[in-house]
Enquirer: 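Before I ask anything, let me first share the structure, which is written out below as structure tokens.
This is a predicted model, so every value here is computed, not measured. Both counts, for ligands and for their atoms, begin at 1 and track the order of listing.
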Amino acid sequence: MTPTSPSAAGEPDPRVPYESLVGFATEVFAARGVPHARAHTAAEALVYGDLAGMRSHGLTNLSRLYLPLFDDKRVEPDAQPEVLADKGASVLLDGNKGLGLWLASEAMDLAADRAAEYGIGLVSVRNATHFGCAGHHTLRAAERDMVGILASNCGGQRIARPPGGRVAMLGTNPMSIASPAGPELPPYCLDMSTTAVPTGKIRQAARAGQSIPEGWLTDAQGQPVTDPHALDRGEGFPTWLGGRPETGAYKGYGLALLVEVLAALVPGAGLGPTPEAYEGTGGPSGRDDDIGILALVVAPGALRPVEGFLSQAGGLFQALLDCPPIDPDAPVSYPGAREAATAAAARADGVSITSALYGELREVADQWGLQVPAGVNG
Ligand SMILES: NC(=O)c1ccc[n+]([C@@H]2O[C@H](COP(=O)([O-])OP(=O)(O)OC[C@H]3O[C@@H](n4cnc5c(N)ncnc54)[C@H](O)[C@@H]3O)[C@@H](O)[C@H]2O)c1
């Protein structure tokens with residue numbers, strides 16, 4: 001298959017079978033020394049971004065984020081997480097720089113195991129690395145008829161400023177909650193950065209030569225910035241979910257602090273807000289090492305018959321879907337439903353990736369003596 005730019009040749013972007021992409025990413029991680037089963041778990045977390053339409057956190061991050069982490073020895077391919085405390089329902093782990101894409105799924109699964117026993121399970125992790133899409137991991141709990149919550153701070157990385165502040169002090173601090181939505185409907189899965197958008201979306205726009213809407217970045221004086229390159233020049237600061245203080249910025253900022261407290265302060269991971277933030281120019285500082293993760297699972301089935309919970313959940317989410325829409329062509333939905341529909345179509349027809357991304361995967365394949373996965377439409 002020879003992928004071409006759709007804009008140049010009018011051809012569609014390549015579509016690649018999901019299993020081939022996971023197999024490829026598994027081999028890439030394995031080539032970097034990640035044990036095979038672990039590499040597969042990480043590959044599923046990475047490809048989820050493309051599968052579910054969260055492309056800012058899919059395979060685009062292989063060359064940009066994860067492989068450089070290996071090059072710079074900021075991730076330990078076969079790290080052995082260490083149990084620092086185990087109280088039954090709650091566990092504290094040192095992730096020992098394990099690959100976050102894998103570690104977050106492990107933490108979620110352990111929290112779900114403990115929730116099955118105690119009704120609730122908390123796994124708190126320090127010294128982790130970037131986990132990709134939070135929602136991929138929380139869905140593992142929903143598959144077990146439980147409610148999963150996951151959050152991660154960005155270690156010592158500081159790119160976003162407190163409202164009214166002149167110094168960058170926090171990261172985009174993502175969080176997710178997933179719950180079953182009954183036997184018929186896709187799970188509810190809220191999956192988001194606590195800034196208006198993650199940096200990945202700003203960089204996507206920069207690569208595509210597009211400007212960004214007002215409300216994603218501000219300059220040093222707090223004025224809107226529409227040039228996405230301002231982020232990596234250190235001249236654009238991500239705004240909080242909610243926008244300006246008068247439109248709710250303190251809610252997004254407050255949620256970011258919720259993440260900082262629960263995901264990083266509780267396990268003792270690296271923090272964004274420290275006095276070191278004031279040492280520079282006020283621009284971006286620090287690195288996203290020693291990331292903290294919160295994995296919290298609630299098992300309603302440990303407290304009451306799970307069938308009752310599932311049937312009530314089905315009623316809740318069906319009632320939302322049945323809400324009369326303003327526009328008859330735009331039915332009401334809920335978080336997670338869009339991603340589930342996108343993922344189902346991509347599993348059936350192949351995962352759509354851009355020609356540019358396909359080219360990047362080919363380069364990675366060449367570098368590591370691997371075969372780039374073939375497309376279904378090329
Ligand atoms: N690892 C990290 O450091 C990091 C940091 C930031 C973000 N992320 C990840 O980036 C990904 C993208 O984050 P985002 O904030 O851009 O998400 P987003 O804005 O695309 O979606 C946020 C939420 O809104 C819901 N939603 C949006 N439009 C909807 C619609 N029309 N109908 C129903 N629901 C809708 C989605 O289901 C999702 O739960 C997420 O997977 C997140 O975990 C990771």
Enquirer: Quick one: do R32 and D71 make a salt bridge, cutoff under 4.0 Å?
Expert: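 Yes, R32 and D71 are salt-bridged.
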Enquirer: Not counting sequence neighbours, which residues clear salt bridge (Lys or Arg N to Asp or Glu O under 4.0 Å) with E235? List them please.
Expert: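 E235 satisfies salt bridge (Lys or Arg N to Asp or Glu O under 4.0 Å) with R233 only.
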Enquirer: Should the pair Y66 and H130 be assigned to parallel (<30°), tilted (30 to 60°) or perpendicular (>60°) ring geometry?
Expert: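 Ring orientation of Y66 relative to H130: perpendicular.
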Enquirer: Contact residues of ligand 1 with a heavy-atom cut-off of under 4.0 Å?
Expert: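 Lining ligand 1 at under 4.0 Å, by heavy atoms, one finds M54, H57, H130, F131, G132, C133, A134, T172, P174, C189, L190, D191, M192, S193, P198, K201, S333, Y334, P335, G336, R338, E339.
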Enquirer: Less than 4.0 Å between a side-chain N and a carboxylate O, is that true for D232 and R203?
Expert: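 Salt bridge between R203 and D232, a charged N being under 4.0 Å from a carboxylate O: yes.
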Enquirer: Please tell me if the side chains of E260 and L271 come closer than 4.5 Å, counting only heavy atoms from C-beta onward.
Expert: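 Side chain of E260 against side chain of L271, heavy atoms only: contact under 4.5 Å found.
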Enquirer: Would you kindly say whether R207 and T60 are connected by a side-chain donor-acceptor distance under 3.5 Å?
Expert: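 There is such a pair between these side chains.
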